[in-house]
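For reference, the structure discussed in these notes is given below.
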Amino acid sequence: MSQVLDKLRIIGRRVFDREAPLPFPDTLNIESSYACNLKCVMCPRHFEGVPQGMFTLDLFEKHVQPYVGKFKYVHLTGWGEPLMNRDLPEIVHRCRQAGVWTCFTSNGLLLRPPLDRKILDTNLELISVSCDADNAQTYEYVRGKGTFDVLIERLTAFNKLRKEMGAQTTMQWSFVQLRQNFEQLPGAIRLAAKTGFDVFVAKHIETVVARAELADAMWNTGIAPDLSPEVVARHDEVLQEARTVAEEVGIKLNIHPRRMSHEGMCIVKPVTNLFIDYEGRVSSCCYLNKNDVRPYNLPEEKSSTENGVYGDLRLGDLMGFLESEKFREFQRDWQQGRVPEACRGCLQVNRIRTTSAD
């Protein structure tokens with residue numbers, strides 16, 4: 001960790017000798033739901049004992065809609081399942097009316113009538129569905145029994161409806177690579193194409209319930225051991241096979257590199273990112289909201305005590321929070337190569353690299 005921070009300070013001195021202008025965030029993340037129909041083994045949401053809830057249309061209408069057109073992108077995703085929010089289609093519709101690129105990430109199990117047609121009627125740009133397997137056994141170990149066949153059936157029907165309606169919404173299959181499932185990539189790509197998806201993304205694990213689970217990661221977390229040469233070689237073979245399969249079945253493939261290079265900037269892009277949780281608290285990232293998941297990434301006694309929340313929409317104005325010195329100082333720290341106090345101890349800091357690698 002100290003080596004990463006030292007590199008950031010060096011970058012700050014080299015690149016930011018003069019203070020750069022502080023930008024307005026281009027990406028707005030709204031936690032449309034803090035409830036979920038699944039209890040996935042890696043998700044910290046259901047371990048926190050926080051009451052389940054939804055981001056209401058009233059909250060959006062009064063405190064976000066007047067400003068939503070200032071953003072380029074809106075992601076209606078947080079720690080819960082967006083499709084559990086009955087107001088989701090209307091919120092998407094209003095974001096689209098404002099001319100904003102809009103998407104959400106889902107487990108896909110609720111994409112069924114009549115909600116499926118309501119969602120497609122909004123003409124949103126992208127729906128990303130999380131599925132990290134090509135078979136029921138692996139999938140249901142993470143998501144729960146009896147879910148895989150239902151998911152594939154509903155996704156097939158949804159994509160058929162999408163084509164019948166002539167909807168322009170892109171469907172993306174999102175696969176988190178782990179040491180125990182990466183060999184299923186080619187099979188999952190074939191299944192995604194058969195089911196009717198347009199894009200397949202092979203990602204890496206971003207959050208865990210306990211630090212021990214980082215041992216499953218395919219990237220160097222700075223915490224878990226590096227992959228052995230044998231695993232690296234096998235992973236490369238599988239990735240090449242995945243590329244071949246994607247070309248054969250005609251699906252666009254996006255493979256995230258094992259080692260991320262961000263030139264001193266967090267993968268979340270906190271300078272231009274904004275997050276509003278389901279109750280209306282505003283921060284720069286889902287890791288900084290009140291329902292803080294940092295203790296799962298760093299032992300609690302070592303976690304920062306700095307509050308990363310700028311304000312609460314129920315008590316103040318969104319633009320006022322973005323003009324506050326607290327928000328500006330947060331942006332300034334990142335721009336000048338410093339990790340803000342609120343971010344220290346976060347898993348994502350370990351992904352910062354100053355040189356490109358595989």
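One-based numbering along the sequence shown.
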* **Worked verdict on Phe330 versus Leu288 for side-chain contact (heavy atoms from CB on, under 4.5 Å)** => CA-CA 12 Å; Phe330 181 91; Leu288 294 175; 3.9 Å; yes

* **Exercise: identify the closest heavy-atom pair between Ser128 and Ser174** => OG-CB, 3.6 Å

* Asked: Can you hop from Ile30 to Leu126 via hydrophobic side chains spaced under 4.5 Å?
  -> no

* Structure fact -> Here the salt bridge (charged side-chain N to carboxylate O under 4.0 Å, His left out) pairs for residues 156-167, sequence neighbours left out, are Arg162-Asp198

* Asked: Do Phe148 and Thr138 have side chains that get closer than 4.5 Å, going by heavy atoms?
  -> no

* Structure fact -> Closest non-hydrogen atoms of Asp312 and Glu279, given as atom of the first, atom of the second and distance, are OD1-O, 4.0 Å

* To do: Please examine the side chains of Met319 and Pro66, heavy atoms only from C-beta on, and report whether any two atoms are closer than 4.5 Å.
  => no

* Over all heavy atoms of both residues, which pair between Gln177 and Ala202 is shortest? Give the atoms and the distance, please. => NE2-O, 3.3 Å

* **Spacing of Asp26 atom CG and Trp101 atom CH2 [to the nearest 0.5 Å]** => 11.5 Å

* To do: May I ask you to check whether over 12 heavy atoms, not counting those of Glu153, lie within 6.0 Å of atom CD?
  => no

* Asked: Where the side chain of Thr169 meets the backbone of Leu124, is there a donor-acceptor pair that is under 3.5 Å apart?
  -> yes

* Asked: Just wondering, are more than 12 heavy atoms of other shown residues or ligands nearer than 6.0 Å to CZ in Arg117?
  -> no

* If you measure from OG on Ser33 to CZ on Phe104, what distance do you get to the nearest 0.5 Å? -> 11.5 Å

* Taking every non-hydrogen atom, the tightest pair across Pro82 and Thr77 -> CG-OG1, 4.1 Å

* **Any side-chain heavy-atom pair of Val64 and Phe71 under 4.5 Å** => no

* Asked: Can any side-chain N or O of Glu183 pair as donor or acceptor with the backbone N or O of Val238 at less than 3.5 Å?
  -> no

* Test log, rule side-chain contact (heavy atoms from CB on, under 4.5 Å), inputs Glu125 and Gln168 -> CA-CA 7 Å; Glu125 276 78 5; Gln168 299 302 305; over 6 Å; no

* Members sharing Phe275's hydrophobic cluster (side chains within less than 4.5 Å) -> none

* Test log, rule salt bridge (charged side-chain N to carboxylate O under 4.0 Å, His left out), inputs Glu325 and Arg328 -> CA-CA 5 Å; Glu325 181 56 28; Arg328 293 301 189 181; over 6 Å; no

* Report yes or no: does Arg96 contribute a side-chain atom to a donor-acceptor pair with the main-chain N or O of Asn123 at less than 3.5 Å? => yes

* Step-by-step salt bridge (charged side-chain N to carboxylate O under 4.0 Å, His left out) determination, Glu248 to Arg190 -> CA-CA 9 Å; Glu248 289 176 357; Arg190 291 187 186 279; 3.4 Å; yes

* Is it true that atom CZ of Arg86 has more than 12 heavy atoms of other residues, nucleotides or ligands lying nearer than 6.0 Å? -> no

* In Å, rounded to the nearest 0.5 Å, how long is the span from CG of Leu83 to CG of Asn37? -> 8.5 Å

* Test ring-ring contact (aromatic ring centres under 6.0 Å, His included) on Phe182 and Phe175 and set out the steps. => CA-CA 9 Å; Phe182 75 85; Phe175 184 108; 9.5 Å; no

* Is there a side-chain contact between Thr122 and Leu88, using heavy atoms and a 4.5 Å cut-off? -> no

* Asked: Step by step, would you call Glu247 with Arg243 a salt bridge (charged side-chain N to carboxylate O under 4.0 Å, His left out)?
  -> CA-CA 6 Å; Glu247 188 173 352; Arg243 295 184 184 98; over 6 Å; no

* Structure fact -> Looking only at heavy atoms, the pair that brings Ser130 and Tyr139 closest together is O-CE1, 4.4 Å

* To do: Report the C-alpha separation of Met165 and Asp121 in whole Å, then their side-chain angles, then the decisive distance to 0.1 Å, and conclude whether the side-chain contact (heavy atoms from CB on, under 4.5 Å) test is met.
  => CA-CA 9 Å; Met165 293 177 60; Asp121 279 338; 3.2 Å; yes

* To do: Taking Gln172 for its side chain and Phe200 for its backbone only, find out whether a donor-acceptor pair lies under 3.5 Å.
  => no

* Asked: Quick one: are the ring centres of Tyr34 and Phe55 less than 6.0 Å apart?
  -> no

* **Val199 with Ile119, same ILVMFWY side-chain cluster at under 4.5 Å** => no

* With side chains defined as the heavy atoms from C-beta onward, is the minimum distance between Leu155 and Cys131 less than 4.5 Å? -> no

* Check: Asn181 side chain, Val176 main-chain N or O, donor-acceptor pair, under 3.5 Å -> yes

* Asked: Hey, are the side chains of Asn159 and Met171 touching, using non-hydrogen atoms and a 4.5 Å cut-off?
  -> yes

* Asked: Considering only heavy atoms from C-beta outward, does the side chain of Val282 approach that of Phe327 to under 4.5 Å?
  -> no

* Would you say the side-chain atoms of Gln331 pair up with the backbone N or O of Val271, donor to acceptor, closer than 3.5 Å? -> yes

* **Same apolar cluster: Val129 and Leu110, side chain cutoff 4.5 Å** => yes

* **Note, His63 side chain near Leu318 side chain (heavy atom, < 4.5 Å)** => no

* When clusters are formed by joining ILVMFWY residues with side-chain heavy atoms under 4.5 Å apart, either directly or through shared neighbours, do Val249 and Val201 land in the same one? -> no

* Could you grab the distance from atom CH2 of Trp173 to atom CG of Asp132, nearest 0.5 Å is fine? => 9.5 Å

* Could you tell me whether the side chain of Thr244 and the main chain of Gln240 form a donor-acceptor pair under 3.5 Å? => yes

* Shortest non-hydrogen contact between Lys326 and Val309, atoms and distance -> NZ-O, 3.1 Å

* Asked: Taking only residues two or more places apart in sequence or in another chain, which ones pass side chain to side chain donor-acceptor pair (under 3.5 Å) with Tyr310?
  -> Ser284

* **Ser106 side chain to Glu81 side chain, donor-acceptor N/O pair below 3.5 angstrom** => yes

* Is Arg234 salt-bridged to Glu230, cutoff N-O under 4.0 Å? -> no

* **Backbone of Cys266 reached by a side-chain donor or acceptor of Trp334 within 3.5 Å** => no

* **Interatomic distance, Thr102 atom OG1 to Ile91 atom CD1 [nearest 0.5 angstrom]** => 11.0 Å

* Asked: Has the side chain of Arg179 got a donor or acceptor atom that lies under 3.5 Å from a matching backbone atom of Ala217?
  -> yes

* Structure fact -> Here the gap from Leu28 atom CG to Thr272 atom OG1, rounded to the nearest 0.5 Å, amounts to 12.0 Å

* To do: Could you state whether Tyr73 and Ile276 fall into the same hydrophobic cluster, counting links through intermediate Ile, Leu, Val, Met, Phe, Trp or Tyr residues with side-chain heavy atoms under 4.5 angstrom apart?
  => no

* Is His204 reaching over with its side chain to a backbone N or O of His256, donor-acceptor style, under 3.5 angstrom? -> yes

